[in-house]
Amino acid sequence: MQEFKPDLYVVARVIKNLIEKGPMNKTRLAGASEISYDKFLLYFDWMCLKNLIKEENGTVSVMEEGIRTYNLLVDWILKHVGKLMFRR
Amino acid sequence: MDEKEAVEKMRDLRKSLETTLRYEKSGSKFPQVFMVTLFAVLAANLVSLASNLYDLKTLNPAMGYIQIGSNGVGIGIPVLILFGVAALLVYRILHKPFTKPVENSWDEYLKEGIIGIIRIIEESDWEGILLSLKKAKQAFIMISSLTILLELGIIFVILFFAYGILVTGIFGIPIDLYVVLLGSVLLIVALGDRTIKQSYIELWHMDNLVAELRWFYFEFQGAGI
């Protein structure tokens, strides 16, 4: 079976939704993340494996590692986009 | 820098890229330009050959028969019109990419803020963009050179006639083509000084854009995200 390669922006979108809207069930989270439920399940398994999110009593929530990863990503983007110099 | 500023900067980056990449689109039309030029040269030669070979005559209602062969009115005017049409065609072909408004294909993604920026960085073909920028730079040099050559040609023709009328017509001194050419070059340098400077600045901006994007791309690759 081919290894699952997640899109970074989808991972970030899932975490952002959980941070901003709080814990929610998988169906709602898939909708909020704008991906099909089947595809979402692949992301869900992968993110649980990486300790980015967890599921308890049918509700998905973000873990500390998820928040840390998301913040790292946002900081990287802001830092590097901020350094870009070109004619505007 | 906050999210809003980052989004604005990415939007500006795309705009700058789209503007620069117009030269690449224009450069991709060089084969067409070559064909038009080749056709014009061949057609001019054919007209010259035909008029000389058959010593053609044309009927002018006001003036009767006019010989258009080498001993008559000559083929200068038809050939000049032919090259004029070719020059107009070349201009239209090369100028077309610059007539369309600059579109920002990242706008849709950037509505999502930072997530959109991540998506752009992840999905963009950076190697392809860098290659296109390189082609755009080459096309820009080519188009600038062609423009200067065209201007030189026009000034040369104007000076040739002016020299002919003033110096040869009045003082009877024969036309010296080297003097006309030197005068044309000097006029191009004097009149086109600003254009040449602008071209140099444009090239510098292109180089800068490539360097910045290369740095950004390598940083993203090296970040291990």
Side-chain angles (χ1 to χ4, degrees), chain A residues 3-22 24 28-36 39-40 42-44 46-47 49-53 60 62-88, chain B residues 1-21 102 104 106 108-124 126 129 133 198 201-225:
Chain A
E3 195 192 344
F4 173 63
K5 280 185 181 173
D7 284 327
L8 202 59
Y9 72 90
V10 177
V11 173
R13 199 188 272 160
V14 171
I15 297 173
K16 191 185 179 192
N17 274 317
L18 289 172
I19 292 170
E20 287 178 356
K21 296 170 185 166
M24 59 183 95
R28 212 182 129 208
L29 185 57
S33 305
E34 294 171 36
I35 46 171
S36 68
K39 211 171 175 186
F40 171 77
L42 290 172
Y43 278 92
F44 175 77
W46 185 85
M47 289 173 79
L49 206 70
K50 299 282 177 186
N51 291 322
L52 300 174
I53 56 173
V60 184
V62 65
M63 293 179 76
E64 275 301 313
E65 183 62 18
I67 297 171
R68 198 185 69 82
T69 307
Y70 178 76
N71 286 337
L72 264 176
L73 193 58
V74 171
D75 287 345
W76 190 94
I77 298 287
L78 294 180
K79 184 182 157 197
H80 285 80
V81 171
K83 277 187 186 172
L84 273 175
M85 299 277 281
F86 55 91
R87 180 181 48 170
R88 304 179 87 169
Chain B
M1 171 167 274
D2 61 17
E3 185 173 349
K4 203 178 163 189
E5 286 172 329
V7 165
E8 261 325 293
K9 199 159 187 183
M10 287 302 280
R11 192 168 279 130
D12 287 343
L13 173 66
R14 186 67 210 172
K15 201 175 169 185
S16 188
L17 270 174
E18 296 273 0
T19 309
T20 306
L21 289 177
V102 179
N104 200 326
W106 287 352
E108 196 59 37
Y109 291 168
L110 290 173
K111 282 178 191 164
E112 225 185 333
I114 211 92
I115 305 289
I117 297 178
I118 298 170
R119 189 172 183 177
I120 288 164
I121 295 170
E122 204 178 10
E123 289 188 348
S124 292
W126 294 103
I129 291 173
L133 280 174
Q198 273 175 345
I201 291 167
E202 190 71 34
L203 270 179
W204 186 84
H205 281 307
M206 282 183 187
D207 279 340
N208 188 48
L209 191 59
V210 171
E212 286 295 314
L213 278 183
R214 198 178 290 281
W215 167 79
F216 192 64
Y217 173 54
F218 283 130
E219 282 290 312
F220 181 66
Q221 280 187 321
I225 297 171

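Here is how names work: the chains are called A, B, and so on, in the same order as the sequence lines, proteins then strands, and each is numbered from 1. Worth saying up front: this structure is predicted, and the values here are computed from it rather than measured.
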Heavy-atom side-chain proximity of A:I77 to B:I121 below 4.5 angstrom: yes
Euclidean distance, A:Y9 OH relative to B:E112 CD, rounded to 0.5 Å: 8.5 Å
Distance-minimising heavy-atom pair for A:Y70 and B:I115: CE1-CD1, 4.1 Å
Interface residues of residues 12-22 of chain A facing chain B - heavy atom cut-off under 4.5 Å: A:A12, A:R13, A:K16
Contact check, side chains of A:L78 and B:I114, non-hydrogen atoms, under 4.5 Å: yes
